[in-house]
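Step one of this worksheet: look at the structure below.
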Amino acid sequence: MGDHSFLMIFSSFLVFIICAETSLAELSPSFYRKTCPNVERLVRSAVELKFQQTFVTAPATLRLFFHDCFVRGCDGSILLASANNKAEKNHPDDISLAGDGFDTVAKAKAAVDSEPHCRNKVSCADILALATRDVINLAGGPFYRVELGRRDGRISTIASVQRHLPQTHFNLDKLNSMFASNGLSQTDMIALSGAHTIGFSHCNHFSKRIYNFSPKRLIDPTLNLQYAFQLRQACPLRVDSRIAINMDPVTPQNFDNQYFKNLQQGKGLFTSDQVLATDERSKGTVNLFASNQLAFNNAFVQAITKMGRIGVLTGRQGEIRFDCFRVN
């Protein structure tokens, strides 16, 4: 009886390992080689056009991909709308996702489907992954090969977002814990945080650091004082919550390593940014990325590739959506 139980458990374990390896093996940069060989060119052309219209395309698309992968995996579920406003995108952590990111996916999907042999062959999850690579590159960041073969999820709930996205007040332990739960290391987390080299944030996400940090200190002592006063000028008390501030005050429209140089000077916009430079466990990596653009680029590519594998649906799982914003 003991031997039989052991064999059953061992067999189940083997099935789990094989399924996991198969899922990963089914992601490949050449996944659409036969079904839609021009997919990358089609997505790129649409993304380039959108990027020329507004730079917000870049941070909006990149943030959309991150929020998709960290909730239910990279399955395009962040794109889905619901009649009762109970989808992922309706959660308070997602409500600020810029519409330009969704529009980028819509335009790229239309470009792919404009080729008859590609129509409804490429998942929205893969289109988002490709569009993310393209906006990073168009903003001056690295070009990298994107693993493809994801299927689109059919489920998107507001409840699934809860406690699955990092918060601006997180310390290093909380950041590491959340990223580790998604198979990402501390170095991956720091590299992905470097995406804050582009984009913007609304004043309410950091106002406590510049006005009401603690009973004894109005301004967060880890914040560069001159920078804090600049932020106060841009975000006066009771300011319109829609006012947005560049996360990188130096080169806000360049995907570069300036973010890490800012952290060295106490110019991280969020607590979760600045802690990377103040905690001794992460400080060395920040200093490396600040001094070496190539080291940052390489680490970022490795991290976003790993992130793109989180919870993917492959094979017969999920579907290929005809419309990226609703299930078939």
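- Pairs engaging residues 201-217 under the salt bridge (Lys or Arg N to Asp or Glu O under 4.0 Å) rule: Arg209-Asp220 [sequence neighbours left out].
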Asp279 and Lys283: CA distance, side-chain angles, deciding distance, salt bridge (Lys or Arg N to Asp or Glu O under 4.0 Å) verdict: CA-CA 6 Å; Asp279 193 304; Lys283 187 175 183 178; over 6 Å; no

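- Remark: Phe55 pairs with Phe51 by the ring pair (Phe, Tyr, Trp, His ring centres under 6.0 Å) rule, at least two apart or across chains.
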Should Arg154 and Glu319 be marked as a salt bridge (Lys or Arg N to Asp or Glu O under 4.0 Å) after you check the CA-CA gap, both sets of side-chain angles, and the distance that decides it? CA-CA 7 Å; Arg154 297 189 180 98; Glu319 63 186 14; 3.1 Å; yes

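- Shown here are the salt bridge (Lys or Arg N to Asp or Glu O under 4.0 Å) partners of Arg326, two or more places apart in sequence or in another chain: Asp323.
- Salt-bridge check for Asp75 with Arg150: failed, with every basic side-chain N at 4.0 Å or more from each acidic carboxylate O.
- Ion pair Glu115/Arg41 flagged as a salt bridge, since at least one NZ, NE, NH1 or NH2 atom sits closer than 4.0 Å to an Asp/Glu carboxylate oxygen.
- Side-chain atoms of Asn328 and Arg321, non-hydrogen and from C-beta on, do get closer than 4.5 Å to each other.
- Applying the side-chain contact (heavy atoms from CB on, under 4.5 Å) rule to Phe31 yields the partners Leu148; only residues at least two apart in sequence or on another chain are considered.
- For Asp134, the salt bridge (Lys or Arg N to Asp or Glu O under 4.0 Å) partners are Arg44, not counting sequence neighbours.
- Gln293 and Asn297 share a donor-acceptor pair across their side chains, judged by distance under 3.5 Å alone.
- Although no hydrogens or angles enter the test, the distance criterion places no donor-acceptor pair under 3.5 Å between the side chain of Asp256 and the main chain of Thr251.
- Scored by the side-chain hydrogen bond (donor to acceptor under 3.5 Å, both in side chains) test, Ser114 finds no partners at all (sequence neighbours excluded).
- Scored by the side-chain hydrogen bond (donor to acceptor under 3.5 Å, both in side chains) test, Asn85 finds no partners at all (sequence neighbours excluded).
- Looking at residues two or more places apart in sequence or on another chain, you find a side-chain contact (heavy atoms from CB on, under 4.5 Å) between Leu218 and Arg232.
- Side-chain N/O atoms of Ser96 and Arg63 include a donor and acceptor closer than 3.5 Å.
- Of the options Tyr144, Phe255, Tyr259, a ring pair (Phe, Tyr, Trp, His ring centres under 6.0 Å) to Phe300 is made by Phe255 and by none of the others.
- Hydrophobic clustering of Ile, Leu, Val, Met, Phe, Trp and Tyr side chains at less than 4.5 Å, counting indirect connections, keeps Leu269 apart from Ile198.
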Test log, rule side-chain hydrogen bond (donor to acceptor under 3.5 Å, both in side chains), inputs Gln186 and Asn176: CA-CA 6 Å; Gln186 176 175 285; Asn176 278 336; 2.8 Å; yes

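- Distance check: Leu276 CG to Ser282 OG gives 5.0 Å after rounding to the nearest 0.5 Å.
- The CZ atom of Phe179 lies 12.0 Å from the OG1 atom of Thr187; values are rounded to the nearest 0.5 Å.
- Phe102 pairs by the ring pair (Phe, Tyr, Trp, His ring centres under 6.0 Å) definition with nothing, not counting sequence neighbours.
- Scanning for ring pair (Phe, Tyr, Trp, His ring centres under 6.0 Å) contacts around Phe206 gives an empty result, with sequence neighbours left out.
- Both Leu128 and Leu130 are assigned to one and the same hydrophobic cluster, defined by single-linkage of ILVMFWY side chains at heavy-atom distances under 4.5 Å.
- Annotation: ring pair (Phe, Tyr, Trp, His ring centres under 6.0 Å) contacts of Phe270 (sequence neighbours excluded): His196.
- Under the salt bridge (Lys or Arg N to Asp or Glu O under 4.0 Å) criterion, Lys89 pairs with no residue at all, not counting sequence neighbours.
- Here the closest heavy-atom approach between residue Thr132 and residue Thr61 is recorded as OG1-O, 3.7 Å.
- Using modelled atom types and a 3.5 Å distance limit, the side chains of Asn292 and Asn257 yield no donor-acceptor pair.
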